[in-house]
Every structure is written in structure tokens, then in C-alpha cells.
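Chain A is the first sequence line, chain B the second, and so forth, proteins listed ahead of strands; every chain is numbered from 1.
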2 protein chains.
Amino acid sequence: MTHHDSAGVEPKLPLSRERVLRAAVALADARGLAAVTIRSLADSLGLKPMSLYHYVRGKDDVLHGMTDQVFAEIDLPDPSAPWRDALRARAVSARTVLSRHPWALTILDLQPATGAATLRHHDAVLGVLLRAGFSLRVTARAYTLLDAYVYGFVLQEAVLPTDAGPPGDAAAATLDADRYPHLAAFAAGLVGQPGYSFGDEFEPVLDRVLDAIGALREDG
Amino acid sequence: MTHHDSAGVEPKLPLSRERVLRAAVALADARGLAAVTIRSLADSLGLKPMSLYHYVRGKDDVLHGMTDQVFAEIDLPDPSAPWRDALRARAVSARTVLSRHPWALTILDLQPATGAATLRHHDAVLGVLLRAGFSLRVTARAYTLLDAYVYGFVLQEAVLPTDAGPPGDAAAATLDADRYPHLAAFAAGLVGQPGYSFGDEFEPVLDRVLDAIGALREDG
DNA sequence: AAAGTAAGGGTACTTAGTACGGTAGCACTG
DNA sequence: CAGTGCTACCGTACTAAGTACCCTTACTTT
């Protein structure tokens with residue numbers, strides 16, 4: 001037996017920065033961002049901690065690289081599609097990917113995002129808007145709004161109390177209905193209802209966001 | 001001389017959880033979230049590390065408490081104002097506060113946000129919408145959109161390359177104009193222009209977001 | 001005065017990042 | 001074929017940080 005295994009157990013292919021980052025993403029998905037330590041990462045690759053430093057510059061570099069991996073998973077927009085369709089598809093894809101890797105947002109604001117996949121991605125989206133006749137200024141606003149919506153939605157999705165608890169409603173029990181009447185009304189009247197899923201709200205609201213982007217274009 | 005000082009140097013009043021958290025916020029503002037360690041926090045209060053554990057449960061509790069402090073800084077919406085004015089003011093306030101404490105977003109998605117100030121805040125905003133006749137479902141959508149915009153905007157503001165570098169343009173120099181033509185066009189044609197400020201885009205776009213919320217209401 | 005309690009601290013263990021300096025196998029050179 | 005050097009990997013050890021456990025001092029309460 002030549003190596004330990006814990007989460008990913010990637011086959012014993014030639015090592016590389018790519019494979020290290022992929023293992024890091026797998027680890028974060030499986031056990032959370034906090035479980036991504038140089039030591040456990042090395043362990044999941046059958047290596048000793050110091051060996052990783054041949055492929056990455058350090059922990060920070062691993063985190064950088066992980067976000068770039070995530071961006072690489074997001075579908076690039078179709079350059080020939082109408083802007084609205086292209087943006088909609090890209091928003092849905094981004095949301096799906098970020099929901100799959102919820103730890104990514106936590107890292108995002110740590111660094112200026114200069115990974116190759118990240119840059120290529122942003123460039124492609126900007127291209128869609130510019131080709132559709134958006135001015136530079138409106139393109140900036142539109143992209144800001146679209147991404148703000150996606151990031152913000154995913155962030156809220158991550159924050160929501162995951163009531164995988166008792167059948168009734170875990171959140172409502174904690175809530176003081178006197179002090180927070182509206183929150184209580186929510187827990188009881190909407191979130192607690194069978195069939196309600198916060199995630200399902202993404203697309204209906206997205207359509208209004210796209211309307212708003214259209215309005216931004218009119219403004220000039 | 002009875003105590004060390006480093007960042008906050010709060011006067012020697014009676015200690016309390018409140019004061020510990022306030023010192024933590026001051027530390028994060030001054031030196032970044034990474035500088036908030038139990039040890040440096042104790043030091044900034046003239047205490048030894050272990051003494052803090054009489055006021056907080058541990059590092060996680062400190063982080064929880066810090067986000068709640070931040071929420072406490074956001075103006076509560078005026079319950080008697082029309083929904084659009086109330087939401088607009090609250091969004092501007094939230095954005096200002098979050099820009100002042102950019103580290104807050106990093107912590108936000110770590111925990112389900114159950115601080116008192118946080119709950120009171122959300123409850124007040126929900127109240128504005130419900131009293132204005134929004135249904136539960138549309139209220140949820142509207143609030144999601146508004147907060148997504150604020151969070152997402154602040155997040156992007158934090159990520160933006162702060163070109164406080166050379167006079168020309170630091171970002172453009174790094175960018176490969178062949179590989180990323182649209183990004184390059186941006187750096188040169190908009191971001192690099194004198195007088196351009198990303199932060200100034202917040203309010204114009206916010207107005208379109210409020211339009212979108214109005215449209216959500218129509219949909220029912 | 002005795003006893004209890006609150007506030008603060010000392011020591012030390014554990015986990016994590018990483019600097020520094022190996023070592024072993026292979027490739028290529030003269 | 002010996003030597004030279006490179007590549008991949010590893011062992012050791014230092015530092016920073018969180019925190020469990022137990023102690024001391026001082027003040028309060030009866």
C-alpha cells in the first residue's frame with residue numbers, strides 16, 4: 001500500500017498544479033473549505049505536505065486556483081445568441097456552479113481574481129454586451145447588476161437556515177414571534193410550507209433582472 | 001502604564017461582550033480580518049488571550065458577533081415611508097456600511113445569521129414590504145433581489161483591482177489585450193478614465209432594481 | 001470571618017503553514 | 001562509465017493561533 005486516501009483518491013497520474021487544485025476543490029466540496037489544509041490536501045493525494053510546494057506557491061495560491069477552477073466550470077456564453085438569451089443562460093449556469101461549490105464565494109473577495117479561466121469568462125460576457133450595442137458604461141452597469149444578483153442570491157442561499165431538522169419547523173421554534181413578527185409570518189406562511197424552495201425563486205427574479213438590464217440600455 | 005495598546009485602545013471601562021466585539025470590529029477595519037486573532041484582540045484590550053473567554057464563547061462567536069455589530073450600523077427603514085423610498089434608503093445605508101466593513105461579507109456566509117440586530121433588521125424590512133401590500137411570496141422575491149444587489153455590488157467593489165498604483169493604468173499593463181480584448185477595452189475606455197468611480201454606479205442601477213421590484217409586485 | 005464568585009491570567013497542548021535542507025532516481029555529458 | 005545536475009519528493013522544526021485546564025486575587029454575601 002503506497003498511499004493514503006481520504007476524499008478524492010485521484011488515480012496515480014503524473015502530478016501537476018492542475019491535479020492539486022482539482023483535489024483541493026474535491027476536498028472543499030466534500031468536507032468544507034476549512035478542511036482544505038496543506039496537510040489534508042497532501043494526504044488526499046498520497047503525498048507529504050512539503051511536496052505540494054513544488055506545484056503551488058502556498059495556501060493562498062491554492063485558494064486562488066480553486067476559484068479559477070470554479071469559474072472554468074461556468075458555461076461560456078454563446079457569442080452568437082441574442083444578449084438576453086446569452087446572459088440568462090450564463091446566469092443560470094453560474095448559479096448552478098456556485099451552488100455546487102458554495103465555499104467559492106468566501107474566497108472570492110480575498111483576491112482580485114486574475115486566474116485565466118476567470119478572465120476569459122468575464123471577457124466573453126463583456127463581449128456579448130458590447131456586440132449587442134451596449135455602451136461601455138452601460139455594459140459595466142449591466143454586468144454589475146447581473147453578477148450582483150447571482151452572487152447575492154447564492155450568498156443568501158448559503159446563509160438560509162437549512163431546516164433539515166424536525167418535521168414541523170426548526171426556524172420558527174427559535175424565532176420569537178413577538179419580537180420578530182414578520183420573520184415569524186414568513187417561517188410559518190411561506191418557508192415552512194411544503195413545496196416551497198428558495199432556489200426555485202432564482203429564475204423568475206432573474207427575468208426581472210434582465211428586464212432591468214434592458215431598461216439600463218434604453219437610458220444610455 | 002497598565003495596558004498595551006495597538007489599534008483601538010478603548011478606554012478602560014468595564015469590559016463586556018459588547019466592548020470585545022467593538023474592539024474586534026475596529027481591529028478588522030484597521031488591519032483586516034486576518035488580524036483578528038484571539039491574541040491580538042486581547043492585546044488591543046489590554047488583556048491576555050484567555051481572559052476573553054469570559055465574554056465570548058470562542059473565535060466563531062467573535063465572528064458571529066462582528067457581523068451583528070455591522071448590521072446594527074445599518075439604518076432601519078422608516079416604517080411610515082412609501083416602500084420604494086424606504087427600500088432605497090435602506091439599500092444605500094447597507095451599501096455604505098458594508099463598504100466600510102468589507103470583511104463582513106466574508107464572514108456572512110459562514111453562519112445562519114441569528115444575531116439580534118440582524119434579525120431586527122430583516123424583520124423591519126420585511127415589514128415595509130408586507131405593509132405595502134406585497135404578498136409573502138413576492139416579498140421574499142423582492143427582498144432577495146434587493147439584498148442580492150447590495151451584497152453582490154459590495155462584493156464586486158471589494159474584488160475590483162484597486163489601481164492605486166502608477167499614474168497610467170496598472171490593470172491594463174497586466175492585461176493581455178489579445179487574449180482579453182473586451183477587458184482591455186474596459187480598462188482603457190472606462191475604468192481608466194479620469195473621474196470614473198465604480199461606486200458611483202450603485203445608485204443609478206439601484207433605481208432599476210427598484211423598478212424590477214415594482215414589476216415583481218405586479219406579477220403577483 | 002467564612003465561603004462563594006467574578007475577573008483575569010499562566011501553562012501547555014494541538015493544528016496548521018511553511019522555511020530549510022536533504023535524498024534518490026534519472027538524463028545527459030565528456 | 002563516472003560525474004553533474006535536475007526533478008520529485010520528504011523530514012525536521014519553527015512559528016502562529018485556538019483553546020482546555022487550573023490557579024489567583026478581590027470583592028460580595030451571609
Spacing between B:L52 atom CG and C:dA6 atom P, to the nearest angstrom: 18 Å
DNA chain D: first to last nucleotide in contact with chain A (atom under 4.0 angstrom from a heavy atom), 5' to 3', is D:dA8 to D:dA13
B:R57: partners by side-chain hydrogen bond (donor to acceptor under 3.5 Å, both in side chains), with sequence neighbours left out: none
Among all residues two or more places apart in sequence or in another chain, which pass the side-chain hydrogen bond (donor to acceptor under 3.5 Å, both in side chains) test with A:R179? none
Quick one: which protein N/O atoms are closer than 3.5 Å to N/O atoms of nucleotides 9-12 of chain C? Pair and distance per line, please.
unit_1: C:dG9; atom_1: OP2; unit_2: B:K48; atom_2: N; d: 2.9
unit_1: C:dG9; atom_1: OP2; unit_2: B:S51; atom_2: OG; d: 2.9

Could you tell me whether A:F153 and A:F198 have their ring centroids closer than 6.0 angstrom? yes
Decide yes or no on side-chain hydrogen bond (donor to acceptor under 3.5 Å, both in side chains) for A:Y143 and A:H122, but give the supporting numbers first. CA-CA 9 Å; A:Y143 199 12; A:H122 289 320; 2.8 Å; yes
Going by side-chain hydrogen bond (donor to acceptor under 3.5 Å, both in side chains), name the residues that satisfy it together with B:R137, two or more places apart in sequence or in a different chain. A:E201
Taken to the nearest whole Å, CG/A:L41 to P/C:dG17 is 9 Å
Please give, in whole Å, the distance from C:dT14 C1' to B:K59 NZ? 16 Å
What residues form a salt bridge (Lys or Arg N to Asp or Glu O under 4.0 Å) with B:R39, not counting sequence neighbours? none
State whether a side-chain donor-acceptor pair under 3.5 Å links A:T37 with A:S40. yes
Less than 6.0 angstrom from the centroid, inside 45 degrees of the normal: does A:R17 satisfy that with respect to the ring of A:Y55? no
